[in-house]
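Below, chains carry the letters A, B, ... as their sequence lines are ordered, and counting in each starts from 1. All heavy atoms count here, side chains included; hydrogens, waters and symmetry mates do not. Note that the structure is predicted; figures quoted are calculated from it, not measured.
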Protein chains: 2
Amino acid sequence: MNELRTIRAKSGTNQEGTSAHNRRVIIEAIRLNGPLSRADLARATRLTKQTISNLVENLEVDGLVASEEVVRGGRGQPSTPYRLVPEGAFALGVQIDRHLTRLVAVDLMGQEVARAVANLPPGGPVEGCKLILRLIEAMRADLTRRIPESAHRLAGLGLAMPGPFGLAPSDDETWMMAEWQAFPLVETLAAGTGLATSLQNDATACAAAERMNGSADGLDHAVCIYFGYGIGAGLILGGELYTGSNRNAGEIGMVLFSRGGTPSPLEHRSSLASLFQHLGLDSATTEAYAEVERRTLADDPRILAWLADAAADMRQAVHMVETIFDPQTVILSGSAPEPLAKRLFDAMFPLIPSNADRPGRTLPRLQLGMIGPWAVALGAAAEPIRRAFDPRFSAILKTAS
Amino acid sequence: MNELRTIRAKSGTNQEGTSAHNRRVIIEAIRLNGPLSRADLARATRLTKQTISNLVENLEVDGLVASEEVVRGGRGQPSTPYRLVPEGAFALGVQIDRHLTRLVAVDLMGQEVARAVANLPPGGPVEGCKLILRLIEAMRADLTRRIPESAHRLAGLGLAMPGPFGLAPSDDETWMMAEWQAFPLVETLAAGTGLATSLQNDATACAAAERMNGSADGLDHAVCIYFGYGIGAGLILGGELYTGSNRNAGEIGMVLFSRGGTPSPLEHRSSLASLFQHLGLDSATTEAYAEVERRTLADDPRILAWLADAAADMRQAVHMVETIFDPQTVILSGSAPEPLAKRLFDAMFPLIPSNADRPGRTLPRLQLGMIGPWAVALGAAAEPIRRAFDPRFSAILKTAS
DNA sequence: ACATTTAAGTCAAGAAGTTTGACTTAATAA
DNA sequence: TTATTAAGTCAAACTTCTTGACTTAAATGT
């Protein structure tokens, strides 16, 4: 049996995996419920008081949790709630868009602690990565100055850019990031920063942001429709972000829709790109964004006409993801100008009846999530935090030999 | 902190969870790779030889694995491969369809060891459950006679019936199982059999069958399109069956398609129901099924016409699930007559270009899976086996207090 | 006031399970 | 015949969770 055949198998686990899981469970419980006492944690996690005491002590030593004032009010010894320490961990997030890049740093709670934005230089990903590395260095230096311990507490670097990933070079002229797609982005930035680096598409990043701080906090099943230059869906399935076999899951922008005519991809019908085209604006300029915001607030009739069509397609998109994913809720988020997103959201009602119209549902079928230019970068930054601190199957398994 | 507020938290784990996971990992590794030696298992699972030895010994005592002849041929001491023992566990699966019910028993390897079929009596689920319980009793008695140890080795009972579940009573007259939907099926059959009982829709059951023995064996990301009286998708996402927040995920039959006309649900356009209607056959009779098979083999022009339209919609459905789920492969399976399914499959090529056309892919984009009337029942039976023996996140967590 | 009850949290020993390193066994290769 | 390689075992050590008794401290009831 010692031939070179590869054996497909999952990794086993041991006591360290047990402990790692239990630590993560405690952190998640406090994140979701607010400060909890050791007794609360023992009940909620089904672990013993003693185990919780040991783990909480470790977490406190590691600077991830801290005790609050004791709470009196019931019978018995008063309890000591523990809260998360925001400065317990930090992460960086980088959004790479067509013409610019945004960089944010967040803490363990997902709160933004620094931001930066810059235009991407000509010269493609080689020059772009140099710029991004310079921005990261500057931000790390600034953070170290303001929060010295942050230097040792960086959980990782999250990247987000438009998908889909890994396809053969396309002839679609709207696709302007082919160079970036072919570039070894993760490897370059991981090597340049020394940080654990991961890459997602912008819709997935948006879902990560909603899960950390937004409308999807604590939900196990949610679809986050990202409305930006393109359109996609970030998927929270079974409590975790789902990205498919090649990180291209949720690319609903490429689904063919055919409301009364020849089928065409959803994002040719309903996206900022489609609106720019409808208005004859040059999407290569950042002014187009501000122009759309102005005209929206001015009730430009051409925008209203586009809105009616786009809303019809979006209604169908919501119906589709509800039917296919059976989520607890659907969240509309994105990087569109906020007034436009709000009008689109309003114009989507009434929704098409679907399986989601069930007796006894508590969450709205569709809700508005994080909107605005920083949503993707914040989500990119949220991902390393969740990866490092959330209970996950893969966190239990043995990794190194 | 002792108020009655519910605290949301995942369960912690302990050494028993560790061991349970490692046992499952070993079983899955042998299932996927065939017989493996302890040394193979140690390398594949990253556990130590000693740990594997202990676990394998336990599994052998439990009658789940058995050693084979030693293998010579390389240097060093010859290895002793271990295989799964089919008689190590059994499970029952029940398909509840509109007019009849099918019951199968499978072993640890997913092989069928018994089957039964009966028409459902008038009187709705109350009478139907009585019949099903009688069938189950008879099959258990028969199994006990043939394989005495099976009585103590029943992992559970899997049920499958058409979805969607839990909706308000509908006015859709094609929907004939409203009574069954409203009935406490799982509770009744669990109480009547004393077995761990679970319920899925027929498409999910089909995916379970493909995963146990079919085209999806060992795949982490696959979509199984179930073509039967209705149409749905069974989802294998991240290595596990995904059923959504209310077991209604994958109901692609209810997605609105609008190829050149008013939008209508996919299953009104492409399903056995639509074919029966197209042919003017009474779907309430089991003869309709045989009639379709006959006419298909005779190249009935009305079937050929329907096939062309249905194939066009199915192409679009494949495009949709590829784009949304980014699976490794899509499997067409179902309970249609085999000649019809094969012709539909052939008529779906060429597929619509999609994100799945990536350089270097190894699996076909679309393949034919288990076809025929027993696919759903087999999948229903496969589920308790996987639930009891596959590595899963939830299997690690503490359950009882 | 004071005893009782209730609940939070700690202590120390024990139990469950994996790891370690040395050792044994048994085959092929030189 | 010897060296090498690899499978598998043994016993002790290690990590982590559990158990049950105990301590602490507050609210409640008489």
If you pin A:R72 and A:L55 to their nearest nucleotides in DNA chain D, which one's is more 5'?
-> A:L55
More 5' along DNA chain D: A:N54 or A:V70, using each one's nearest nucleotide?
-> A:N54
Atom-to-atom span, [atom1] of [X] to [atom2] of [N] - whole angstrom:
| X | N | atom1 | atom2 | answer |
| --- | --- | --- | --- | --- |
| A:I396 | C:dG17 | CD1 | P | 16 Å |
| B:K49 | C:dA22 | NZ | P | 12 Å |
| A:R46 | D:dT18 | CZ | C1' | 16 Å |
| A:L41 | C:dA7 | CG | C1' | 16 Å |
| B:L397 | D:dC17 | CG | P | 14 Å |
| A:L47 | C:dG9 | CG | C1' | 16 Å |
| A:R38 | D:dA25 | CZ | C1' | 16 Å |

Selected nucleotide, minimal atom distance to [X] side chain, candidates [options]:
| X | options | value |
| --- | --- | --- |
| A:R75 | C:dT5, D:dT9, C:dA27 | C:dT5 |
| A:P78 | C:dG9, D:dA25, D:dA7 | D:dA25 |
| B:T51 | C:dT18, C:dT10, D:dC17 | C:dT18 |
| A:Q50 | D:dC10, D:dA27, D:dT19 | D:dT19 |
| A:T48 | C:dT19, D:dG8, D:dT18 | D:dT18 |
| B:Q77 | D:dT18, C:dG9, C:dA26 | C:dA26 |

Quick one, which residues of residues 13-24 of chain A touch DNA chain D with a heavy atom under 4.0 Å?
-> A:Q15, A:E16, A:T18, A:S19, A:N22
Please round to the nearest 0.5 Å and tell me the distance separating atom CG of A:L199 and atom OG1 of A:T243.
-> 10.0 Å
What class does the angle between the rings of B:F393 and A:F393 fall in, given that below 30° is parallel, 30 to 60° is tilted and above 60° is perpendicular?
-> tilted
Which class fits the ring pair A:Y242 and B:H221: parallel under 30°, tilted 30 to 60°, perpendicular over 60°?
-> tilted
Indicate whether any N or O donor in one side chain lies under 3.5 Å from an N or O acceptor in the other, for B:S19 and B:N22.
-> no
Check each of B:I385, B:L84, B:N213, B:V85 against B:M109 using the side chain to side chain contact (heavy atoms under 4.5 Å, CB included) test, and report the only one that passes.
-> B:L84
Do any side-chain nitrogens or oxygens of A:K398 fall under 4.0 Å of OP1 or OP2 in C:dT18?
-> no
Distance test, side-chain N/O of A:R43 to OP1/OP2 of C:dA8, below 4.0 Å = yes
Begin with the C-alpha distance, continue with both residues' side-chain angles, and end with the deciding distance and a verdict on side chain to side chain donor-acceptor pair (under 3.5 Å) for A:T18 and B:T18.
-> CA-CA 7 Å; A:T18 303; B:T18 303; 2.6 Å; yes
[X] (side chain) donor-acceptor with [Y] (main chain) under 3.5 angstrom:
| X | Y | value |
| --- | --- | --- |
| B:T45 | A:G12 | no |
| A:R386 | A:R211 | yes |
| B:R24 | B:D390 | yes |

State, with a plain yes or no, whether a side-chain heavy atom of A:R23 is found less than 4.5 Å away from one of A:N58.
-> yes
DNA chain C in dot-bracket form (Watson-Crick or G-U pairs under 3.5 Å, [ ] crossing, | inter-strand) is ||||||||||||||||||||||||||||||
